There are 2 protein chains.
Amino acid sequence: MSTAPPAPTGTPPDSAGNPAESAGSAAPAAPDTPPGGVPARSPAETRELVEAIEWLFFAYRDFTSDPDEILHEYGFGRAHHRVIHFVGRHPGITVADLLNILRITKQSLSRVLKELVGQGYIVQKTGTKDRRQRLLYLSDKGMEMERRLAGPQRERVAKALAAAGPEAQKAWCAVLAHLVNEDDRRAVEALISNGYVS
Amino acid sequence: MSTAPPAPTGTPPDSAGNPAESAGSAAPAAPDTPPGGVPARSPAETRELVEAIEWLFFAYRDFTSDPDEILHEYGFGRAHHRVIHFVGRHPGITVADLLNILRITKQSLSRVLKELVGQGYIVQKTGTKDRRQRLLYLSDKGMEMERRLAGPQRERVAKALAAAGPEAQKAWCAVLAHLVNEDDRRAVEALISNGYVS
DNA sequence: TTTTTAGGTCAGCCATGTTGACATATATTC
DNA sequence: GAATATATGTCAACATGGCTGACCTAAAAA
């Protein structure tokens with residue numbers, strides 16, 4: 001939980017590969033840079049981009065670590081967290097909607113859902129309008145777990161936003177929103193702003 | 001790859017759980033809010049926090065989708081991408097350093113590394129200072145794959161940063177940096193700024 | 001009445017993580 | 001030089017959480 005990452009091998013490659021050329025010297029014309037809308041970024045811009053990507057990797061790695069530990073106590077995994085989270089945010093959500101959010105298969109969700117229902121963290125109620133639907137809700141037990149899982153994660157994000165200054169939150173959300181596929185962006189935005197907050 | 005997420009069930013919970021109360025009505029005193037340093041956030045602040053967290057979830061989901069598709073062509077998975085990425089960024093990196101970055105076990109890394117070396121994407125060279133070490137480099141083939149994987153992901157991030165305005169990049173990286181465990185932050189920063197850029 | 005939809009279920013596969021034990025070669029230290 | 005520590009690889013076994021395909025039921029919709 002606390003081993004520091006290294007500062008690995010500051011030494012340049014002594015023979016195998018010099019990754020300093022980007023376009024096409026001997027390389028077979030990189031397939032994702034067609035002669036139309038080529039990026040045409042400066043090395044400095046490229047470096048900033050790569051660094052931004054790497055920060056995202058490391059941030060996400062640690063962002064998920066808090067709930068992962070708590071989930072372990074319950075014998076659950078990340079998949080359970082996602083279900084608990086979205087059921088908490090959208091009480092009465094249907095299985096189909098949950099599938100669309102999580103983008104996993106019915107079987108994968110079924111397995112997780114069965115455990116959560118079986119152990120009393122989630123309750124199902126038959127839909128009144130459409131009696132085929134099984135609307136999902138957190139039980140009290142489920143809400144308690146949800147709070148435990150959300151707590152440290154919220155603290156982490158709150159601290160990060162605070163540390164980055166008052167303007168950071170808007171910018172942060174704007175970038176994240178534009179990382180989402182354009183086709184989905186509006187739907188995701190609606191989804192997010194429709195959710196309940198515990 | 002393009003199914004839109006839903007706007008699920010705007011209907012409030014009709015019986016099972018009303019998640020509108022946060023502290024402790026009937027709930028058994030949520031275990032992660034000790035009476036000392038309680039967050040004490042307003043409902044509006046809490047909502048913003050939750051929304052920021054959810055944006056991160058959706059952004060990361062789509063952020064990883066581009067390389068995932070390409071990896072599939074090669075018969076590889078996300079684990080291979082991570083290795084290719086960090087070997088590309090740190091030519092001559094040792095196995096131990098890679099383990100520290102990825103935070104996985106030697107066996108998990110071994111499996112992936114064996115495939116990448118076996119299929120000629122990564123080459124190993126015995127260390128000169130310490131001949132026990134097996135320094136890792138991308139082969140030409142590996143560099144080509146790395147470029148293919150990095151391309152769409154960089155485009156996505158570049159577009160998102162551009163769309164969020166000129167100030168966004170600094171704020172974005174600042175928040176991400178503060179999401180990383182404090183103990184590791186400086187080491188990660190050093191690692192990131194030491195890497196090579198293709 | 002027929003068809004479509006929401007959901008569940010079974011069987012099996014794959015990718016990627018885990019632990020524990022052990023082997024080998026090389027560095028380091030006494 | 002001998003003992004120990006380190007870098008790395010390897011085997012066996014297992015867990016989680018994805019996946020596919022096939023098939024079932026009940027209820028809604030046509």
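Note that these values count all heavy atoms, side chains included, but never hydrogens, waters or copies made by symmetry. All values derive from a computational prediction rather than experimental measurement. Numbered from 1 within each chain, the chains take letters A, B, ... in sequence-line order.
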When rounded to whole Å, the CD to C1' distance for the pair Q133(A) and dA26(D) reads 13 Å

>> The test is side chain to side chain donor-acceptor pair (under 3.5 Å); show your working for R156(B) and N181(A) and say whether it passes.
In response: CA-CA 9 Å; R156(B) 184 185 286 264; N181(A) 288 338; 2.8 Å; yes

- Query: Are the side chain of S110(A) and the backbone of Q107(A) linked by a donor-acceptor contact shorter than 3.5 Å?
  - Reply: no

Check whether R89(A) reaches the backbone of Y196(A) with its side chain - one donor and one acceptor, N or O, closer than 3.5 Å. yes

Regarding the side chain of Q124(B), the nearest nucleotide among dG9(D), dA7(D), dC11(D) is dG9(D)

L113(B) CG to dA7(D) C1', in whole Å, measures 13 Å

Exercise. With no hydrogens and no angle check, is any side-chain donor or acceptor of K125(B) less than 3.5 Å from a backbone partner on Y137(B)?
Worked result: no

Treating K141(B) as the side-chain partner and Q119(B) as the backbone partner, does any N or O pair qualify as donor plus acceptor under 3.5 Å? yes

note: D130(A), atom CG; dA30(D), atom P; distance rounded to Å ~ 12 Å

Margin query: Students often mix this up, so state it plainly: with edges at 30° and 60°, are the rings of Y60(B) and Y60(A) parallel, tilted or perpendicular?
Written below: parallel

Students should find that the nucleotides of DNA chain C closing off the region near chain A, any atom under 4.0 angstrom from a heavy atom, are dT5(C) to dC10(C)

Contacts of R111(A) and R134(B) projected onto DNA chain D by closest heavy atom; the upstream (5') one is R134(B)

Assert: residue with more 5' nearest nucleotide on DNA chain D, out of R131(A) and L136(B), is L136(B)

Within residues 76-87 of chain B, the residues having a heavy atom closer than 4.0 Å to DNA chain C are G77(B), R78(B), A79(B), H80(B), R82(B)

Rounded to whole Å, the NZ-P distance (K106(A) to dC24(D)) equals 13 Å

So do Y74(B) and H80(B) actually touch side chain to side chain, heavy atoms under 4.5 Å? no

Stepwise side-chain contact (heavy atoms from CB on, under 4.5 Å) test for L136(B) and F86(B) = CA-CA 10 Å; L136(B) 306 173; F86(B) 283 106; over 6 Å; no

Rounded to whole Å, CZ of R103(A) lies from P of dG18(D) at a distance of 14 Å

Rounded to whole Å, NE2 of H72(B) lies from P of dC19(D) at a distance of 12 Å

Strictly distance-based, threshold 3.5 Å: is any side-chain N or O of R131(A) a donor or acceptor partner for the main-chain N or O of T128(A)? no

**Report entry** Phosphate contact (dG18(D) OP1 or OP2) by T105(A) side-chain N/O below 4.0 Å
**Finding:** no

